[in-house]
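Structure first, commentary second.
In the text below, chain A, chain B and the rest are named by the order of the sequence lines, each starting its count at 1.
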Number of protein chains: 4
Amino acid sequence: MISEGDYVIFFYGKKKWLTKVEKGKKIHTHIGIINVDNIIGKPYGISLETNKGKIVYALKPTIYDFIMKMDRLTQIVYPKDLGYIVARTGLSSGDKVIEIGTGSGALTTFLASIVKPTGHVYTYDINEEFVSIARKNITKVGLEEYVTFNIKDVRDIYDIRDADLIIVDLAEPWTVIDFVKRALKESKMMVSICPTMNQAERLSKELKKGFIDIECDEILVREIEAREGMTRPVFRMVAHTAYLVFARRLYDDSR
Amino acid sequence: MISEGDYVIFFYGKKKWLTKVEKGKKIHTHIGIINVDNIIGKPYGISLETNKGKIVYALKPTIYDFIMKMDRLTQIVYPKDLGYIVARTGLSSGDKVIEIGTGSGALTTFLASIVKPTGHVYTYDINEEFVSIARKNITKVGLEEYVTFNIKDVRDIYDIRDADLIIVDLAEPWTVIDFVKRALKESKMMVSICPTMNQAERLSKELKKGFIDIECDEILVREIEAREGMTRPVFRMVAHTAYLVFARRLYDDSR
Amino acid sequence: MISEGDYVIFFYGKKKWLTKVEKGKKIHTHIGIINVDNIIGKPYGISLETNKGKIVYALKPTIYDFIMKMDRLTQIVYPKDLGYIVARTGLSSGDKVIEIGTGSGALTTFLASIVKPTGHVYTYDINEEFVSIARKNITKVGLEEYVTFNIKDVRDIYDIRDADLIIVDLAEPWTVIDFVKRALKESKMMVSICPTMNQAERLSKELKKGFIDIECDEILVREIEAREGMTRPVFRMVAHTAYLVFARRLYDDSR
Amino acid sequence: MISEGDYVIFFYGKKKWLTKVEKGKKIHTHIGIINVDNIIGKPYGISLETNKGKIVYALKPTIYDFIMKMDRLTQIVYPKDLGYIVARTGLSSGDKVIEIGTGSGALTTFLASIVKPTGHVYTYDINEEFVSIARKNITKVGLEEYVTFNIKDVRDIYDIRDADLIIVDLAEPWTVIDFVKRALKESKMMVSICPTMNQAERLSKELKKGFIDIECDEILVREIEAREGMTRPVFRMVAHTAYLVFARRLYDDSR
């Protein structure tokens, strides 16, 4: 049942509105006003009418919906990349993850949804404003208990040694390789999100010492309009977000 | 520490061998013989020499490694598709998932690694041989307690009503839509893995009654050879595995 | 030297304006007014200033520029597809080409630029308005002498037997297969531009009788922003225009 | 009619054999022996039987067929790239083209087929062996009269000023920019075939002085298996050949 304080997502065709359920709230859209009162106490998936007679549906938002509608000061990591990070690294429920570069918290949210309830995400950023936005975003989704926010430069940290996965979302990822070597468990993976070829190239080179299974991938998603007798891809798509550089830490007996 | 009975993956360049650690075991490769005894009691990530003097590394296999090296009688779902299924549906630890079409268990394994420890995967197939292989594959990974195997046609099941996600990997996915409507929670998602355009088209059409947010996507992964001064994509890539059709179940007051 | 009556293309960054050179003409743009008089009698490639002090360049338009800036009532065939049609069919200067579906004349123009001066393009459309626009477009480029326009249904034509290439840009390309068989030289190619999978599928099937080397391709172009230290693909791209179906006509002794 | 000395291409399914027609010639294949005598005096597109009873077809090879079956010492330029070069630069019959880096002559052949009969291709390479192979390849196709081969470093050439298009297929394309500026007509295009990102990046940077409309593109072709009720892309594809860098020469009053 939908209650006050819940988040819902309203659907009309391909258009979606994410909103918090509050008494008396009205959402003004191009298809008319959605009266939020009409769904309180109703089951998810219910339909309602706008004042212009258009039918919209009220659904429970997924992590994907929350991420796509997140407040952001920075470029978020896209679902296509989030998914491949999980699949390629084998991230599992229970894992301890370190994220370097909290940004707007899209990746943080997604990671927390996977590693909970026994795993945890430790996220680091040196920008207070980003962390503040990210914290709000994650609280909205209800996953804040699985995340520890740190406003700190990881290069000053020497006491973590047991991360299952480290994710680097920095402009100069090679500057934290020493930290990754200290903090990541032997044989576990790191991944870096690199917007440019030059970053991917330099990082791959610098990982050659101490890492193996170094791989750089790009992920493309193309939507297909599957309509009877008229099936074809959509006309425009995202051509690029970032390259993903994966690497696995070797044992180091000097550690 | 690596013990007898563990699985390890040996690396040499881009080449990988997955093996169970057993005393006296020797692996014959094009770069010489790997003597498994040499790694027992050693830490993961350690290097060792083949009898031809080549250095290989012994790492702890990830879910990805297990999936890529799985015994298979059927086409497996590829990591690129596994990852996007998780990211697009928002599958989280704790979810109850139904998989229709167990196949070789690659997807089953991946799903179990995400939903554990409080969630569960219920997988269905009518082919006993497939289920037997899948069960062996999952046991290897150690995730069998999070999976229930069923040799059964889901069309005969009427008592499940609370799935968080249903995944359909069948040649004629539209034949199980009625089951999906019965078994899936309101507002939750289903996804179908469709090798051909024709399947995606027909399924999308038949989902129009009772579902919303119907989306068909294809995922492409391209590897980049990131080498200093010579960075470029690899020369060949996988051009197609399957289309993914996503849909969200609406509320149905006749239910 | 640029003379009155010539066409020029003005460049500013990624922005382009195609215009006919006329005395006293002024082009109003977001970077100020371009005074066309300033380039008359000057060499192509010359720079000039707008009244806001921005530097623009006046270049001789290529066929590509003309096509991209063409007046159009219909979807044009994109350069990526034009190019592959020429490369895959081996269209050469001197060839006799039949185009079924003149549309806005983009493809017609491109074909004429290749087959001239000894080859010719015979283009057919049943829509007078399209033909009128296409004729204007080609005249602008100066290639009208290499094209014969016909407002006619090719299914009524029985006396052509010597086409080197036939290009079909119709919603139901299979309806003209009999004409293609009559008009195309033995062993020569036809190609059809099919926006949907369903068209490509049906056409491929119907070509199986009488044709060989049937191939369906899609072409993607991705632009790369090659900038020092920051090279990466652009963020958005065209995801789809059409499938190209190629086939080669077999000898038919009943002909 | 097929005569002695002609080239034909034999088709069987997706398999093709290119051969010169000679009396008594027999081609040994996995589907049996093809007796070339059987097609002499017959029309192109005719079918014949191998000694194992398989039906093959004898077709007239296209430029595409010749290129794909060319003897090669170097990586050839692929049809997908050849086509886009023509479409993006607007190369037309009658143009004067300079090719720097003859290689195996695939691009040379294609260019000649477009610019003939009044245009010409001047191709330069410093490797005699390459030029010798390229010359043989073009002679096979019958286009040698439209090509002048030069074993020469273009950096030593100062007397050409009227090229309509210059194509650079060198490992260090920026080393010939001064020649391009000298030899290319104002406002005309050059294109360079760059296997790596690093080449594309450096060249794009060095072209900023003296050129405009600098664009870097990559072209992908994906084949679709269009079969009734089972249409889908093929499973594997070419992921990369080269980046194409285009640029247009500005007017230079010091010239």
Side-chain angles (χ1 to χ4, degrees), chain A residues 14 68 72 74-82 84 103-104 106 168-175 191-206 216-245, chain C residues 14 68 72 74-82 84 103-104 106 168-175 191-206 216-245:
Chain A
K14 283 275 183 185
M68 296 308 278
R72 54 181 85 169
T74 58
Q75 184 54 50
I76 65 160
V77 181
Y78 268 59
K80 67 183 184 69
D81 299 317
L82 297 175
Y84 198 67
S104 305
V168 185
D169 191 3
L170 295 179
E172 302 199 318
W174 45 86
T175 60
V191 55
S192 175
I193 295 141
C194 296
T196 74
M197 273 281 171
N198 310 78
Q199 291 164 315
E201 180 177 305
R202 175 148 178 205
L203 177 61
S204 298
K205 181 194 159 199
E206 303 219 1
C216 176
D217 295 299
E218 64 174 340
I219 316 299
L220 293 164
V221 175
R222 189 163 68 152
E223 195 181 337
I224 310 294
E225 286 196 19
R227 288 184 301 176
E228 205 180 2
M230 302 168 60
T231 293
R232 56 160 182 75
V234 295
F235 292 135
R236 294 194 65 79
M237 67 185 277
V238 171
H240 180 67
T241 54
Y243 301 103
L244 303 176
V245 177
Chain C
K14 283 277 183 183
M68 296 308 278
R72 54 182 85 170
T74 58
Q75 184 54 51
I76 64 160
V77 181
Y78 268 60
K80 68 183 183 71
D81 299 317
L82 296 175
Y84 199 67
S104 305
V168 185
D169 190 3
L170 295 180
E172 302 198 320
W174 46 86
T175 59
V191 53
S192 175
I193 294 141
C194 296
T196 74
M197 274 279 171
N198 310 78
Q199 291 165 315
E201 181 178 306
R202 176 150 176 204
L203 177 62
S204 297
K205 182 194 159 199
E206 303 219 2
C216 176
D217 295 300
E218 64 173 340
I219 317 299
L220 292 163
V221 175
R222 189 162 69 152
E223 193 180 339
I224 309 294
E225 286 196 17
R227 289 184 302 177
E228 205 179 1
M230 305 167 59
T231 294
R232 56 161 183 74
V234 296
F235 292 136
R236 294 193 64 79
M237 66 186 276
V238 172
H240 179 68
T241 53
Y243 301 103
L244 302 177
V245 177

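- In this structure, chain C has heavy atoms under 4.5 Å from both the backbone and the side chain of A:Pro233.
- The distance from the CD atom of A:Glu225 to the CE atom of C:Met197 is 13.5 Å, given to the nearest 0.5 Å.
- Side-chain N or O atoms of A:Arg236 include none that pairs as donor or acceptor with a backbone N or O of C:Ala239 at under 3.5 Å.
- Neither the backbone nor the side chain of A:Ile224 comes within less than 4.5 Å of any heavy atom of chain C.
- Among A:Glu201, A:Glu223, A:Arg222, the residue with the largest count of heavy-atom pairs under 4.5 Å with chain C is A:Arg222.
- Of the atoms belonging to C:Glu218, it is side-chain heavy atoms, and not backbone ones, that fall under 4.5 Å from chain A.
- Summarising the geometry of A:Asn198 relative to C:Thr231, their closest heavy-atom pair is OD1-N, 2.8 Å, with the distance given to 0.1 Å.
- The structure places CD of A:Gln199 at 10.5 Å from CZ of C:Arg232, a figure rounded to the nearest 0.5 Å.
- If you tally non-hydrogen atom pairs under 4.5 Å between each of C:Glu228, C:Arg227, C:Met230, C:Arg202 and chain A, the highest count goes to C:Met230.
- To the nearest 0.5 Å, atom CE of residue C:Met237 and atom CZ of residue A:Phe235 are 14.5 Å apart.
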